[in-house]
K.L.:
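I have a structure I would like to understand better, so I am pasting it below and will then ask my questions one at a time.
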Amino acid sequence: MAVKIRLRRMGRRNAPFFRVIVQDSRRAPTGKFIETLGWYDPKKEGVNFSVNLDRVDYWLGNGAQPSETATSLIKKARTMPVE
């Protein structure tokens, strides 16, 4: 099973909101998914995303392939100071 870490678009028209999910790559992005890892809100000012890095590391260790945008969010999350 080829697993991907990708973004799933949610929200209403002109107000996008994304969830970072783990999903079988053969499924449609709006279809059934395995786990939610975080969220991303491009319209919000300041810190506009959250990612559970423990679960990301688990899935990457099991062979999941992140999309380009998911990779960008993971890199940003790793460089943020821990609160």
Side-chain angles (χ1 to χ4, degrees):
M1 181 162 93
V3 177
K4 295 258 185 196
I5 299 174
R6 59 169 61 151
L7 273 67
R8 175 184 185 142
R9 188 179 197 272
M10 302 186 81
R12 61 185 191 274
R13 186 175 31 150
N14 297 325
F17 178 84
F18 297 90
R19 288 197 179 148
V20 182
I21 63 167
V22 178
Q23 186 176 41
D24 185 349
S25 64
R26 297 170 289 185
R27 293 206 179 259
T30 57
K32 190 175 178 181
F33 61 93
I34 301 169
E35 183 178 358
T36 302
L37 301 179
W39 57 268
Y40 168 57
D41 187 356
K43 297 272 188 171
K44 187 176 175 185
E45 295 293 325
V47 178
N48 61 355
F49 71 96
S50 174
V51 178
N52 184 343
L53 292 176
D54 293 335
R55 296 304 293 166
V56 167
D57 292 337
Y58 168 80
W59 284 107
L60 291 175
N62 283 330
Q65 297 295 317
S67 68
E68 290 182 26
T69 309
T71 301
S72 173
L73 290 175
I74 292 167
K75 283 182 182 178
K76 286 180 187 177
R78 290 191 195 283
T79 60
M80 288 179 55
V82 176
E83 294 180 0

K.L.:
Give, for atom CD1 of Ile34 and atom CD1 of Ile21, the distance between the pair rounded to the nearest 0.5 Å.
P.N.:
9.0 Å

K.L.:
With sequence neighbours left out, write down each residue that passes side-chain hydrogen bond (donor to acceptor under 3.5 Å, both in side chains) with Arg19, or none if nothing qualifies.
P.N.:
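Testing Arg19 for side-chain hydrogen bond (donor to acceptor under 3.5 Å, both in side chains), a comparison that skips the adjacent residues, returns none.
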
K.L.:
Can you list every pair that meets salt bridge (charged side-chain N to carboxylate O under 4.0 Å, His left out) and has a residue in residues 34-54, with sequence neighbours left out?
P.N.:
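Residue pairs passing salt bridge (charged side-chain N to carboxylate O under 4.0 Å, His left out), neighbours aside: Glu35-Arg55.
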
K.L.:
Give, for atom OG1 of Thr36 and atom CG of Asn52, the distance between the pair rounded to the nearest 0.5 Å.
P.N.:
11.0 Å

K.L.:
With sequence neighbours excluded, tell me which residues meet side-chain contact (heavy atoms from CB on, under 4.5 Å) with Thr69.
P.N.:
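Once residues adjacent in sequence are excluded, the partners of Thr69 under the side-chain contact (heavy atoms from CB on, under 4.5 Å) criterion are Leu7, Ser67.
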
K.L.:
How long is the span from the CH2 atom in Trp59 to the CG atom in Leu37, to the nearest 0.5 Å?
P.N.:
8.5 Å

K.L.:
Is it possible for you to say whether Phe33 and Val51 belong to one hydrophobic cluster, with membership spreading through side-chain heavy-atom contacts below 4.5 Å?
P.N.:
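In one cluster with Phe33: Val51, no.
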
K.L.:
Sequence neighbours left out, what pairs pass side chain to side chain donor-acceptor pair (under 3.5 Å) with at least one residue falling in residues 8-18?
P.N.:
none

K.L.:
Flag yes if Met10 and Phe18 sit in one hydrophobic cluster, no otherwise; membership is Ile, Leu, Val, Met, Phe, Trp, Tyr, and two members link when side-chain heavy atoms are under 4.5 Å apart.
P.N.:
no

K.L.:
List the atom of Pro16, the atom of Pro42, and the distance in Å for their closest heavy-atom pair.
P.N.:
O-CD, 3.8 Å

K.L.:
Does anything in residues 62-80 form a salt bridge (charged side-chain N to carboxylate O under 4.0 Å, His left out)? List the pairs, not counting sequence neighbours.
P.N.:
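For residues 62-80, and leaving out neighbouring residues, the salt bridge (charged side-chain N to carboxylate O under 4.0 Å, His left out) pairs sorted by first residue read Asp57-Arg78.
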
K.L.:
Please check this pair: side chain of Ser25 against backbone of Ala2, looking for a donor-acceptor N/O pair closer than 3.5 Å.
P.N.:
yes

K.L.:
Please check: side-chain N/O of Gln23 versus main-chain N/O of Thr30, any donor-acceptor pairing under 3.5 Å?
P.N.:
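Here the side-chain-to-backbone pair does not exist.
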
K.L.:
As an exercise, state the distance from CZ of Phe49 to CH2 of Trp39, rounded to the nearest 0.5 Å.
P.N.:
8.5 Å

K.L.:
Any link between Val20 and Phe17 through a network of hydrophobic side chains (Ile, Leu, Val, Met, Phe, Trp, Tyr) touching at under 4.5 Å?
P.N.:
no

